[in-house]
Amino acid sequence: MGHYAAITGWGMAVPQRVVTNNDLAAIMDTSDEWIRTRTGIVERRVVSDGECTSTLAVQAGHRALACARIAPEQIDLVILATCTPDRIFPATASRVQADLNIPNAGAFDLNAACSGFVYGLNVATSMIRSGASQSVLLIGVDIFTHLLNWNDRNTSVLFGDGAGAVVLQQCEQPRGLLACKLGSWGQGEQLMVAKAGGTCQPLTAELIEQGQHFVAMNGREIYKHAVREMSDSALYVIDASGLTIADINLVVPHQANLRIIEGTARRLGIPLERVFVNLDRYGNTSAASVPIAICEAAEQGRLHTNDHVLLTAFGGGLTWASAVIRWGQLPETEPYAYK
Ligand code: ACO
């Protein structure tokens, strides 16, 4: 039985439609200057009619399978991290499994908001390490713009849509997840919440009229929790991996706000040159943000075999998660022409 779960493939997908800060300034009381200086965001991608969560997830998943050169038949588990599923019921993971023609896999959704991908990485790795799975497709995807009230400038300037996916495979070499720390503080639920639409407050015409199905957020409180929990859990996993800050080659943080990323890096004592940032082009893509950043870091040649990469994320719930991974594909991977 292999003792590790290597990341052997990765892929991402974002909608074609670009919405700039100036586009938003044309429809609400905000400005490019305010959004750039408070968040670091310049533009984001937003879905068009007909694009749903599974659309983006399937595109990203397809690319990850091709990158890993693995046949769909070999995937035995599909985990879809999302808080914006196609439908409340059934799980979007099953739709994705069907559309990717993956015949021999279990499939389930996982909701830990923006921390969902790192949560999923822990679950996928545990399944592989236990021997219950051999090859897992893990996708982080959100169409968070569907939860936004475009009249609320406190939230609507922050988010974008997207998907990122990885393939994890059993491996003898020490690669993939070395240590992980998951956290939750449900007492903070009301700091970021879409109140209506679930079983507590089923949708009614009145609730929709009041906009209770949209996300409301206490930005300042979230900000404080995010910096503290991301940096504390990051320090924990670096220590649990037997490493020090100096051993971390790259930090791939959840892309919520540049000031949160800078504050976290400062608390960790890691220079910004070793922190990957792409939120200027995508905004906060929720569960997709970490895997999209992994894809772009790999594309830009910023990830090398045996590099130690720190992932850290924070989201609604409240939830947070940090992980240290050792980068590297399987050297023995057979070429596979994915159709
Ligand atoms: N444009 C212009 N002005 C704005 C905007 C806007 N888009 N939004 C708020 N303002 C105004 C406020 O009304 C306020 O005005 P006032 O002083 O007259 O009352 C002023 O700007 C300052 O508002 P603050 O909320 O204090 O601004 P702050 O500097 O805290 O920045 C922000 C707000 C960007 C939301 C920040 O708090 C933040 O990033 N928090 C974290 C949010 C986050 O990342 N959430 C996602 C978590 S991940 C997940 O689960 C999906």
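In listed order, ligands and their atoms are each counted from 1. For the numbers below, each heavy atom of this structure counts, side chains included, while hydrogens, waters and symmetry mates do not. Positions are given from 1, in the same order as the sequence printed here.
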Tell me whether [X] has any N or O atom under 3.5 angstrom from an N or O of ligand 1.
X      : value
Ser286 : no
Tyr223 : no
His254 : no
Asn284 : no
Ser31  : no
Gly219 : yes

Residue pair [X] / [Y], side-chain heavy-atom distance below 4.5 Å:
X      : Y      : value
Thr30  : Ile35  : yes
Asn306 : Arg175 : yes
Gln210 : Lys195 : no
Arg274 : Asn249 : no
Met28  : Asn151 : no
Pro291 : Met12  : no
Glu189 : Leu318 : no
Leu24  : Trp150 : yes

Can you sort out which atoms of ligand 1 are near [X], meaning under 4.0 Å from one of its heavy atoms?
X      : value
Thr39  : 34 (C)
Met192 : 46 (C), 47 (C), 49 (C), 50 (O), 51 (C)
Asn154 : 8 (N), 9 (C)
Gly315 : 48 (S), 49 (C), 50 (O)
Phe314 : 48 (S)
Ala256 : 44 (O)
Val157 : 7 (N)

For [atom], what is the nearest protein heavy atom, given as residue, atom name and distance?
atom                    : result
atom 45 (N) of ligand 1 : Met217 SD, 3.2 Å
atom 30 (O) of ligand 1 : Arg220 CG, 3.5 Å
atom 33 (C) of ligand 1 : Trp34 CH2, 4.0 Å
atom 49 (C) of ligand 1 : Cys114 SG, 2.4 Å
atom 50 (O) of ligand 1 : Gly316 N, 2.7 Å
atom 31 (O) of ligand 1 : Arg259 NH2, 3.5 Å

Counting heavy atoms under 4.0 Å, the part of Thr30 that contacts ligand 1 is both
Under 4.0 Å between heavy atoms, the region of Phe159 that gets near ligand 1 turns out to be side chain
Among Lys224, Arg38, Arg153, Gln255, the residue with a heavy atom nearest to atom 13 (O) of ligand 1 is Arg153
Nearest heavy atom to atom 32 (C) of ligand 1, choosing from Leu24, Asn257, Leu279, belongs to Asn257
| request: Report yes or no: do Asp23 and Thr20 form a side-chain donor-acceptor pair below 3.5 Å? | output: yes
For residues Gln169 and Thr8, is any side-chain donor paired with an opposing acceptor at under 3.5 Å?
-> yes
Close approach of [X] to ligand 1, heavy atoms, under 4.0 angstrom:
X      : value
Ile222 : yes
Met28  : no
Ile260 : yes

Check [Y] with [X], please: is the shortest side-chain N to carboxylate O separation under 4.0 Å?
X      : Y      : answer
Arg267 : Asp232 : yes
Arg281 : Glu296 : yes
Arg259 : Glu262 : no

Below 4.0 angstrom, counting only protein heavy atoms, does anything approach atom 18 (O) of ligand 1? no
### Task
May I ask whether atom 9 (C) of ligand 1 is less than 4.0 Å from at least one protein heavy atom?
yes
- Among the clusters formed by ILVMFWY side chains lying less than 4.5 Å apart, do Leu138 and Ile292 turn up in the same one? no
Derivation and outcome, side chain to side chain donor-acceptor pair (under 3.5 Å), residues Thr39 and Asn257: CA-CA 5 Å; Thr39 71; Asn257 181 317; 5.6 Å; no
Please step through side chain to side chain donor-acceptor pair (under 3.5 Å) for the pair Arg95 and Ser54, ending with a clear verdict.
CA-CA 7 Å; Arg95 171 82 267 138; Ser54 59; 5.2 Å; no
